[in-house]
Amino acid sequence: MTIDATNVNPAVAPTVPGNSDASRDVASYLHPYTNHATHEQTGPHIITGGDGIYVTDDSGHKLIEGMAGLWCTSLGFSEKRLVDAATKQLNILPYYHTFASKSTNPAIDLAEKLLEIAPVPMSKVFFANSGSEATDSAVKMVWYYHNAIGQPEKKKIISRKKGYHGVTVAAASMTGLPGNHKLFDLPIDRILHTETPHYWRDALPGEEEEDFATRLAEQLEDLIQAEGPETVGAFIAEPIMGAGGVIVPPRTYFEKIQEVLKRYDILFIADEVICGFGRTGRMFASETFRLKPDMITVAKQLSSAYLPISALFINEAIYQAVKKGSDEVGTFGHGFTYSGHPVAAAVALETLKIYEDDGIIEHVRSVMSPFQKRLKDLNKFDHVGETRGHGLIGAFELVSDKCAKTPFDPYGAAGKAVAAKCLEHGVILRALGDTVAFCPPLIITEDQIHTMFDAVEAALTEWHSSL
């Protein structure tokens with residue numbers, strides 16, 4: 001089935017008046033992840049306020065933020081304790097760096113707390129400002145580690161097709177999405193990609209889920225052997241793939257993948273930027289899927305996105321290599337002006353306290369079943385091929401033919417059309433190709449979950465009737 005992409009309108013109010021905020025935006029701002037030819041015609045969708053799980057736009061529409069912004073605003077848009085934490089720290093010490101052994105109390109407290117709650121024993125925490133910087137730092141750490149321990153050839157990093165790990169040069173190279181590579185001359189050398197663990201889409205006819213996981217582990221091992229195990233330094237994976245389409249790992253997948261990594265002495269990096277801090281019903285998705293990583297990257301929900309901050313956890317073996325290398329060179333030559341920024345660290349620390357004080361993880365566990373049930377109910381629509389998710393993250397994939405799993409033509413237009421319909425019904429979701437994703441704030445109530453899905457079902461009904 002063909003979808004007319006020309007009639008897809010991503011915003012509530014597309015007109016761009018001459019001297020409006022919208023026209024000034026078009027004239028001055030280069031937006032991330034935006035088709036700028038289209039943007040010049042439609043203009044921006046301007047958000048002006050937020051309260052709880054809702055945001056308000058400049059046309060006065062009150063909208064459920066079904067994606068928590070960009071998978072990140074876990075405590076909603078009006079948590080006063082985070083505002084107060086930032087204000088208090090701004091009045092005490094608004095900025096200081098952590099280069100050359102300098103430190104601040106918020107950075108110390110946050111690092112200590114993160115090590116306390118880490119899903120596996122970790123030695124140190126390195127702070128950055130975004131998930132991209134954290135995963136980029138992990139790449140450099142892999143290379144640094146193997147140089148320091150006398151294995152200078154063991155540098156290749158294996159990611160996965162459709163994986164998402166950020167947009168810096170190294171992080172975007174690990175990201176397995178064509179839009180992040182085309183025209184950017186990416187991926188760089190020493191970054192490889194293995195297969196996507198999407199059972200519904202990629203399993204062979206009659207192949208059981210566990211057999212599919214076995215086949216993917218064998219494909220990973222084949223890639224390692226083809227490249228030479230002595231040249232492969234690390235494997236990076238999201239516990240649940242986010243921007244690649246909210247892909248939940250098949251049963252036994254990570255168990256078998258980790259066996260392969262251990263066999264060839266390959267570091268495992270768990271990218272918890274989306275899943276960390278309660279999204280799957282546990283503090284870390286590494287606990288949910290029984291992962292034993294050597295490094296962990298986190299961001300987003302670390303501060304409920306109120307201020308930019310990310311972190312990279314490293315284990316003791318990696319730290320000992322860093323200590324040895326920095327002594328030989330005279331410094332560990334990596335870091336950012338804002339690493340461990342005291343205000344961002346104070347807000348992150350308060351975020352972690354709120355998770356504990358307000359029982360946020362327990363709340364997620366109490367509402368994740370109705371969320372997943374309403375998500376699964378969307379399978380009743382003829383053009384919903386699959387629903388998938390875990391905890392408070394999920395998605396549905398649109399197809400032209402449900403039985404044959406045939407994509408719409410052109411790919412992506414159906415997803416945009418449905419996301420636009422959902423917006424008309426008061427819910428912001430995100431189209432990832434023809435997959436439409438949910439990732440609401442963790443504070444969402446069961447009643448709000450039903451309100452959100454009622455609106456989505458109404459949007460899907462209207463969209464189906466228009467086909």
Side-chain angles (χ1 to χ4, degrees), residues 118-121 157-165 174 176 192-227 229 232 234-276 278-297 315 364-365 368-369 372 375-376 379 385-397 405 435:
V120 295
I157 298 173
I158 299 176
S159 182
R160 300 178 298 174
K161 296 172 184 175
K162 293 190 178 180
Y164 187 86
H165 302 291
M174 292 189 297
L192 311 170
H193 293 87
T194 191
E195 297 304 314
T196 307
H198 190 178
Y199 175 67
W200 176 79
R201 174 60 70 186
D202 297 327
L204 300 174
E207 187 174 39
E208 296 294 331
E209 196 167 336
E210 290 84 353
D211 295 330
F212 176 67
T214 298
R215 179 162 63 86
L216 264 60
E218 290 171 350
Q219 288 176 339
L220 174 62
E221 186 164 20
D222 290 345
L223 176 60
I224 292 167
Q225 291 179 339
E227 295 291 329
V232 180
F235 172 82
I236 186 169
E238 305 155 272
I240 295 175
M241 300 175 85
V246 188
I247 298 169
V248 181
R251 289 190 297 273
T252 72
Y253 171 78
F254 274 117
E255 173 187 333
K256 292 167 181 174
I257 291 293
Q258 289 179 106
E259 287 175 0
V260 173
L261 301 178
K262 186 175 181 181
R263 189 175 306 137
Y264 295 102
D265 192 25
I266 293 169
L267 297 174
F268 179 24
I269 307 162
D271 184 345
E272 292 255 17
V273 168
I274 286 177
C275 293
R279 182 58 59 184
T280 63
R282 292 180 179 269
M283 185 61 78
F284 293 93
S286 290
E287 299 169 275
T288 303
F289 298 106
R290 297 190 293 278
L291 309 185
K292 303 294 182 184
D294 300 286
M295 288 187 268
I296 301 171
T297 58
N315 66 14
V364 171
R365 291 175 187 165
M368 56 193 273
S369 292
Q372 292 296 331
L375 177 65
K376 188 175 181 179
N379 282 306
E386 185 194 29
T387 60
R388 49 187 182 261
H390 188 96
L392 279 183
I393 186 171
F396 58 91
E397 184 166 339
K405 305 178 186 178
T435 294

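For the pair Pro119/Ile296, a side-chain contact is recorded, criterion being any heavy-atom separation below 4.5 Å from C-beta on. The shortest side-chain heavy-atom distance between Tyr164 and Val273 does not fall under the 4.5 Å cut-off. The shortest side-chain heavy-atom distance between Arg160 and Glu238 falls under the 4.5 Å cut-off. For the pair Met241/Pro197, a side-chain contact is recorded, criterion being any heavy-atom separation below 4.5 Å from C-beta on. Looking at heavy atoms from C-beta onward, Met368 lies in side-chain contact with His390 at the 4.5 angstrom threshold. Residues Ser159 and Leu192 fail the side-chain proximity criterion, which asks for heavy atoms closer than 4.5 Å. Considering only heavy atoms from C-beta on, Ile257 stays 4.5 Å or farther from Phe268 through its side chain. Using a 4.5 Å heavy-atom threshold, the side chains of Val232 and Tyr264 count as separate.
For Pro239 against Leu291, the heavy-atom pair with the smallest separation is CG-CD1, 3.9 Å. Between Ile269 and Ala234, the shortest heavy-atom distance links the atoms CD1-CB, 4.0 Å. Across Ala285 and Thr280, no two heavy atoms sit closer than the pair CA-OG1, 3.7 Å. The two residues Ala395 and Gly245 have their closest heavy-atom pair at CB-O, 4.1 Å. Residue Pro249 comes nearest to Ile240 through the heavy atom pair CD-CG1, 4.3 Å, listed as atom of the first residue, atom of the second, then distance.
Of the possible polar contacts, one joining the Tyr199 side chain to the Glu207 backbone as a donor-acceptor pair under 3.5 Å is found. A donor-acceptor pair under 3.5 Å is absent between the side-chain atoms of Arg388 and the main chain of Glu397, judged by distance alone. At least one donor-acceptor pair closer than 3.5 Å links the side chain of Arg201 to the backbone N or O of Lys405. The backbone N or O of Ile393 lies less than 3.5 Å from a partner atom in the side chain of Gln372, making a donor-acceptor pair.
Judged as a ring pair (Phe, Tyr, Trp, His ring centres under 6.0 Å), and not counting sequence neighbours, the contacts of Phe284 are Phe277. Judged as a ring pair (Phe, Tyr, Trp, His ring centres under 6.0 Å), and not counting sequence neighbours, Phe254 has no contacts.
Of the listed residues (Lys162, Lys161, Glu386), just one forms a side chain to side chain donor-acceptor pair (under 3.5 Å) with His198, and that residue is Glu386.
In summary, the side chains of Glu272 and Ser286 do present a donor paired with an acceptor at a separation below 3.5 Å, with no hydrogens or angles considered.
Between Glu195 and Arg215 there is no salt bridge, since no side-chain N of the basic residue sits under 4.0 Å from a carboxylate O of the acidic one.
Taking CD1 of Ile236 as the start and CD1 of Ile158 as the end, the distance is 12.0 Å to the nearest 0.5 Å. To the nearest 0.5 angstrom, Phe235 atom CZ is 12.5 Å from Leu267 atom CG. One finds the CG atom of Asp222 at 12.0 Å from the CD atom of Glu227 (value rounded to the nearest 0.5 Å). The CZ atom of Arg279 lies 9.0 Å from the CD1 atom of Ile274; values are rounded to the nearest 0.5 Å. The CD1 atom of Ile247 sits 5.5 Å away from the OG1 atom of Thr196 when rounded to the nearest 0.5 Å.
Remark: Lys376 NZ is loosely packed, at most 12 non-hydrogen atoms of other residues, nucleotides or ligands lying under 6.0 Å away.
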#### Entry: Evaluation steps, side chain to side chain contact (heavy atoms under 4.5 Å, CB included), between Leu261 and Leu220
CA-CA 9 Å; Leu261 301 178; Leu220 174 62; 4.2 Å; yes
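The salt bridge (charged side-chain N to carboxylate O under 4.0 Å, His left out) contacts involving residues 239-267 comprise Glu209-Arg251, Glu210-Arg251, Glu221-Arg263, where partners must be two or more places apart or lie in separate chains.
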